[in-house]
There are 2 protein chains.
Amino acid sequence: MIRIAIDCMGGDFGLPVTVPAAVNVAEKYADLHFLLVGRATEVENALQLAKPSRPSQFSIIDAEDVINMDDPIDIVLRHKRKSSMHHALHAVREQRADACVSAGNTGALMAVARFILKTLEGIDRPAIATSLPNQLGKGTTVLDLGANVDCTPEHLLQFAMMGSALVQAVEGIEQPKVGLLNIGHEAIKGNQLVKKTSELLQATSLNFIGNVEGDDIFKGTAHVVVCDGFVGNVLLKSIEGLAKMVSSKLKENFLRSLYSKIAALMAKPVINQFRKDMDNRRYNGAALLGLKGVVFKSHGSADVLAFSFAIERARMAVQSQLLHKTRLGVEAILTSQQEKTIVLHQEDDKNPPN
Amino acid sequence: MIRIAIDCMGGDFGLPVTVPAAVNVAEKYADLHFLLVGRATEVENALQLAKPSRPSQFSIIDAEDVINMDDPIDIVLRHKRKSSMHHALHAVREQRADACVSAGNTGALMAVARFILKTLEGIDRPAIATSLPNQLGKGTTVLDLGANVDCTPEHLLQFAMMGSALVQAVEGIEQPKVGLLNIGHEAIKGNQLVKKTSELLQATSLNFIGNVEGDDIFKGTAHVVVCDGFVGNVLLKSIEGLAKMVSSKLKENFLRSLYSKIAALMAKPVINQFRKDMDNRRYNGAALLGLKGVVFKSHGSADVLAFSFAIERARMAVQSQLLHKTRLGVEAILTSQQEKTIVLHQEDDKNPPN
């Protein structure tokens, strides 16, 4: 059985989205159990409205506080300890749940998750990873998307390792190709951060394919693309902005004249299929990696379909032992680095300084 | 009269694109004169093929060397001093031309332009700026797009000033709104670089509107968006990659079945109009700012239409006195900073340390 704690109050819409989404996913998988966390009466009502066919798949955990999307992080940490987000994460910590899914404020979720779950041994900073659609019809996992704005090469190395473990676990790819986001493919390109990171990555057992550029994300050149959280967040928001503009311009063009309106009617099934293929709701569900627990973050504006995808990703991560695989990955890298240090020391002993 | 030097051999296609584009633009503006730089016989042949109606609008400057798109910068600087790029830039330096347009390798163009033209007083690093389409149907000018990968807050301040002068000159907007690219609108957001840059920008006479996010570029929130060259380049290539993927997926969907092919025929005029609106060729022509001369860089893969747009942008920049306005902008900022320093020193004199 897989047990998932849902922060039912999080996101722009809260209960009317989170509860029906949980019910949808529960219908698909009989071995799934949900801990619905939020104001108990309200959750109970929402659950009844959603008419689950197997009510025993759900338990309710009462939480009186609600975190708003614009609550400052220090307020959340100090004064909202009884929030649905806190309770859902406590359920993970106390092993009453295998994963937590929340559509709440990203900064708050990261801070509360770090506070309650703590980071894995060997990980300095958790990172946010998501999958973006590529031309191969698959997803490219990109991290960090904004948890860490000032990074060292060591942080990026940890991101690479965690991203690789995520793709291994969730997509079943044995040796995911890892690319380092840069402004050219050549090794001499880039800023100080990526140059040093590249050296570190080459020395690992990761399947590091070298530098990749922004368009490689959409070509599907690598399974995992690593960047610092500033670059990743700018990238994510820029492509969201471009996609919105393109979509609204296309609509505008189809509504311009009588002819174009008729053409729109004709083209509708095709455009709808296209929109479905490109639908970013299918890629909803960013993983918070590097924590002692599985946490997935849904887009705040997610609807029922989108939130269901985030739950599905969390389920897949638990089923494929994401946490265990990430731990192993980190340990392997730590061990190989320690061995290298030992070898270096032995060489130092052989060649003592004059 | 406006005189533009064209690096005819640059870009993926060279003469068959650059010369017809120059002829196209020359037909529109009788007061334009072109210096076509390249292997004289080949340029002469290309010019005859393009059949200009006023041949007196063209002079040819012979240049024996050609810079290839993948020539390393040190080879270009040391061994290709007789290239069409060099000669075109020398024409600007010696005031035989008012601007230079090249589709050659960006790194080489920046290096050669810095070497031949030098940077303006008060500018440490030239930057690359281009205009991206936004939802308002206008362009958002973004810089730096890759000339400078490791930047200080002072560099970003200079970019803001140069970008503001570019928009003033080319688009005729008196007080362009300047935004700082960040991962949130709030002042507390961002990495060290943007936080310090924000402080500097607030102290200038620029119309600084604060932080903007990636999607603001496409919303048209600011006229000028400033970022370091690493972020700018990743951003540019990512949106190019996304646009390509969307366009090829749309095509694929329309070719999937007989029905969708008929729908495609119906929708063709609408889709064509949409493609025209979104056509990135219309936004071709990045400005190399901060040099003692007007230089525009065309996309290497530009066709005749795209290269014509780059020439038009260069013409507009000359006509609207970009260089003069940039100089004034830099001087104004330098003066205000000196005044601040003087005030600070005077305050120090009033409050001597104990």
Side-chain angles (χ1 to χ4, degrees), chain A residues 107 132-135 146 149-151 181-184 189-194 213-219 227-246 248-250 252-254 256-257 259-260 262-271 273-274 277-278, chain B residues 107 132-135 146 149-151 181-184 189-194 213-219 227-246 248-250 252-254 256-257 259-260 262-271 273-274 277-278:
Chain A
L132 294 173
N134 64 37
Q135 246 167 351
V149 292
D150 286 300
C151 292
L181 191 59
N182 200 342
I183 62 166
K189 291 269 177 141
N191 56 19
Q192 293 306 317
L193 176 64
V194 296
E213 296 188 70
D215 53 347
D216 286 306
I217 295 172
F218 303 99
K219 286 183 186 160
C227 58
D228 73 56
F230 188 89
V231 171
N233 194 276
V234 165
L235 170 85
L236 188 70
K237 284 179 183 154
S238 300
I239 61 171
E240 280 178 0
L242 176 65
K244 259 187 208 159
M245 182 180 72
V246 167
S248 85
K249 283 273 167 196
L250 192 60
E252 205 177 275
N253 275 285
F254 270 117
R256 205 167 269 175
S257 68
Y259 175 86
S260 66
I262 297 169
L265 271 180
M266 278 290 292
K268 209 172 179 187
V270 187
I271 300 275
Q273 180 60 43
F274 167 72
D277 288 356
M278 294 280 96
Chain B
L132 294 173
N134 64 36
Q135 247 167 349
V149 292
D150 287 299
C151 293
L181 191 59
N182 200 342
I183 63 167
K189 290 268 177 143
N191 56 18
Q192 294 306 318
L193 176 63
V194 296
E213 295 189 72
D215 54 344
D216 286 306
I217 295 172
F218 303 100
K219 285 183 188 161
C227 59
D228 75 54
F230 189 89
V231 171
N233 196 276
V234 164
L235 170 86
L236 188 70
K237 284 180 183 153
S238 301
I239 60 170
E240 279 178 2
L242 176 65
K244 260 187 206 160
M245 184 182 71
V246 167
S248 85
K249 283 274 169 199
L250 191 60
E252 205 177 274
N253 275 286
F254 269 118
R256 206 168 266 176
S257 68
Y259 176 86
S260 66
I262 296 169
L265 270 179
M266 277 291 291
K268 210 172 178 184
V270 187
I271 300 276
Q273 180 60 43
F274 168 70
D277 288 354
M278 294 279 96

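Each chain gets a letter, A, B and so on, in the order the sequences are listed, and its residues count up from 1. This one's a predicted model, so the numbers in the text were calculated from it and none came from an experiment.
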Any side-chain heavy-atom pair from [X] and [Y] closer than 4.5 angstrom?
X	Y	answer
A:Phe230	B:Leu193	no
A:Glu213	B:Ser238	no
B:Leu235	A:Leu235	no
B:Glu240	A:Asp215	no

ask   = Among A:Gly107, A:Gly214, A:Gly232, A:Cys227, who wins on heavy-atom pairs under 4.5 Å with chain B?
value = A:Gly214
key: Max heavy-atom pair count under 4.5 Å with chain B, selected residue of A:Ala243, A:Gly190, A:Gly146   = A:Gly190
message = Less than 4.5 Å to any heavy atom of chain B: does that hold for the side chain of A:Asn182, its backbone, both, or neither?
response = both
message = Which atoms of A:Leu181 are under 4.5 Å from chain B, going by heavy atoms: the side chain, the backbone, both sets, or neither?
response = both
task = Could you grab the distance from atom CG of A:Asp150 to atom CG of B:Asn191, nearest 0.5 Å is fine?
result = 5.0 Å
key: Which atom of B:Lys244 lies closest to which atom of A:Gln135, heavy atoms considered   = O-NE2, 4.1 Å
ask   = Do side-chain atoms of B:Lys219 reach the backbone of A:Gly241 as a donor and acceptor pair under 3.5 angstrom?
value = no
